[in-house]
Number of protein chains: 2
Amino acid sequence: MNDFTSPQTFPVKHIAESTVRRLSLYLRFLEEFEAKGHETISSGELAAFGGTTSAQVRKDLSFFGSFGKRGLGYSVKDLTAAIREILGLEHPWSVIIVGAGKIGAALAQYRGFSSRGFTVVGVYDKEPARVGLKLDGLVVRPESELERDIHRLKPQIAVITVPAEAAQALVDRVTAAGIKAVLNFAPAPLTVPDGVTLRAVNMATELEILAFTLTNGTTV
Amino acid sequence: MNDFTSPQTFPVKHIAESTVRRLSLYLRFLEEFEAKGHETISSGELAAFGGTTSAQVRKDLSFFGSFGKRGLGYSVKDLTAAIREILGLEHPWSVIIVGAGKIGAALAQYRGFSSRGFTVVGVYDKEPARVGLKLDGLVVRPESELERDIHRLKPQIAVITVPAEAAQALVDRVTAAGIKAVLNFAPAPLTVPDGVTLRAVNMATELEILAFTLTNGTTV
DNA sequence: GGGGGCTTGTGAAATCATTCACAAGCTACA
DNA sequence: TGTAGCTTGTGAATGATTTCACAAGCCCCC
């Protein structure tokens, strides 16, 4: 029972990361579906896109409420709104990128972020040669300004794209200054204080999982 | 019992992706450990690095054999070699990058790949303006050469970094030409023929998982 | 208004992954 | 040679996630 008349909170015990990851996927498909002008979608259709099963889709959603109509499926518009709210995308997030090397610069200019409500409010580098570079309207700023800017702009998320050996020190600085979530692209294990969320993306690991699968048959 | 005297095959039923991902991490820590001159390492030390437990480390390894000495731990050198062999890193892999935009160019120049046995043998783009660009010794080639080059150079892995709407057509082309594994950076769901492995990396999803955690408390 | 054909939402069952707990085995040293 | 102190390797237990299966509910049409 869910009438969408008021902002809801989703009283959550513990949600598996796999569920959250799939919700993010569903959201992407829903947006495509909406662009095509479809009004409703069934769990089976959503599952077909995402390579999962209709039961999985329904179970994922059931942790947060019931959003469909039996016999009919889901309103594309309403389900989109519901998932956006579940994921916390109803208000925009501010992101800083620490490290203006190849990856940092690529991310700073990546359209996929801004289109989903993540606004890059600062890009930082230690190298004087990179400070002042223009990346898509943003100017690379010196790392020494990090603390001041975090206090001023209050970004919630920091993306770390510096070399492995510099990563921990910078994470310490940005979390001390108030950053609450870190997305780490540096190939180094990082630790963060309690209350700060950390995720890591490691390109080499992704290729190594492919290598394992190629080597050991289709057994992942 | 495992004497490393002959190339082994690891007679594997089904290994969880989480296990393979951790093995890749362990490998990174082992290399650091080796660089520091340590000769042996215990499952507990390895676990401390990776934010897991000693039992998990031992269980992960136990799927492939026994590599340690009771009472002593693991020889850093031998375990490194064993994991490299498990992951299939004992011989080099050839990679092509399809799409020489920001992300593609960044990946083409990323040191982390070559240092782990992944050699980028070609970068491709459709845009005449990008064809001919030099990326770290590689010259961007026209997409029309894809099939010819795949037949000639026999790369096993393709990294897809083109816009979402172009991705499926290119995956169809490279898999038809013989590519056996695809790493997809395009924010689009792709399908591949049987026998081809597909993995996806989606930056927006990673940020959305962070947003969920920030919104819903520390419940992932 | 009633029946047929769908599709959701959800407990229960099955599968999969992690953690526990301990015997077995190694080294060091008396 | 025997004992103490570690650490591995691994079945068994626990915990988490996915799949199953079906009652409940909705729409359409007769």
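Treat the numbers as computed from the prediction; the structure is a model and nothing was measured. A note on names: the letters A, B, ... follow the listed sequences, proteins ahead of strands, and every chain is numbered from 1.
A donor-acceptor contact closer than 3.5 angstrom is absent between the side chains of A:N202 and A:E206. Counting only N and O atoms by type, the side chains of B:T205 and A:R28 include a donor and acceptor under 3.5 Å apart. Side chains of B:R58 and B:S54: a donor on one and an acceptor on the other come within 3.5 Å.
Between B:Q56 and C:dA17 there is no side-chain N or O to OP1 or OP2 distance below 4.0 Å. A close approach under 4.0 Å does not occur between any side-chain nitrogen or oxygen of B:Y74 and OP1 or OP2 of D:dC6.
For B:S66, taking side-chain heavy atoms from C-beta onward, the closest of the listed nucleotides D:dT19, C:dA21, D:dG9 is D:dG9. Closest to the side chain of B:S43, from the set C:dT8, D:dC20, D:dT8, is D:dT8. The A:R70 side chain lies nearest to D:dA23 when the options are D:dG9, D:dT19, D:dA23. Closest approach to the A:R58 side chain among D:dC27, C:dT8, C:dT18 is made by C:dT8 (side chain taken as heavy atoms from C-beta onward). If you check C:dT19, D:dA21, C:dC26 against the side chain of B:K59, the one that comes closest is C:dT19. Here the nucleotide nearest the side chain of B:L72, chosen from D:dT17, D:dT10, C:dT27, is C:dT27.
For B:D78 and D:dT8, the CG to C1' distance is 15 Å, given to the nearest whole Å. The distance between atom CD of A:E17 and atom P of C:dA17, rounded to the nearest whole Å, is 15 Å. The CZ atom of A:F64 sits 17 Å away from the C1' atom of C:dT8 (whole-angstrom rounding). Separating the NE2 atom of B:H14 from the P atom of C:dT15 is a distance of 14 Å, rounded to the nearest angstrom. Atom P of nucleotide D:dC26 and atom CZ of A:F67 are separated by 17 Å, given to the nearest angstrom. Taking atom CG of residue A:D60 and atom P of nucleotide C:dG9, one finds them 12 Å apart after rounding to whole Å. Computed from coordinates, the B:F63 CZ to C:dC16 C1' distance equals 10 Å when rounded to whole Å. Atoms CZ (B:R21) and C1' (C:dA17) sit 15 Å apart, rounded to a whole Å.
Between A:R116 and A:E31 there is a salt bridge, since at least one side-chain N of the basic residue sits less than 4.0 Å from a carboxylate O of the acidic one.
A:S18 comes within 4.0 angstrom of the backbone, heavy atoms only, and of no base.
Here the side chain of B:D60 pairs no donor or acceptor atom with the backbone of B:T19 at under 3.5 angstrom.
Positionally, the nearest nucleotide of DNA chain C for A:G44 lies more toward the 5' end than for the other of A:G44 and B:T19.
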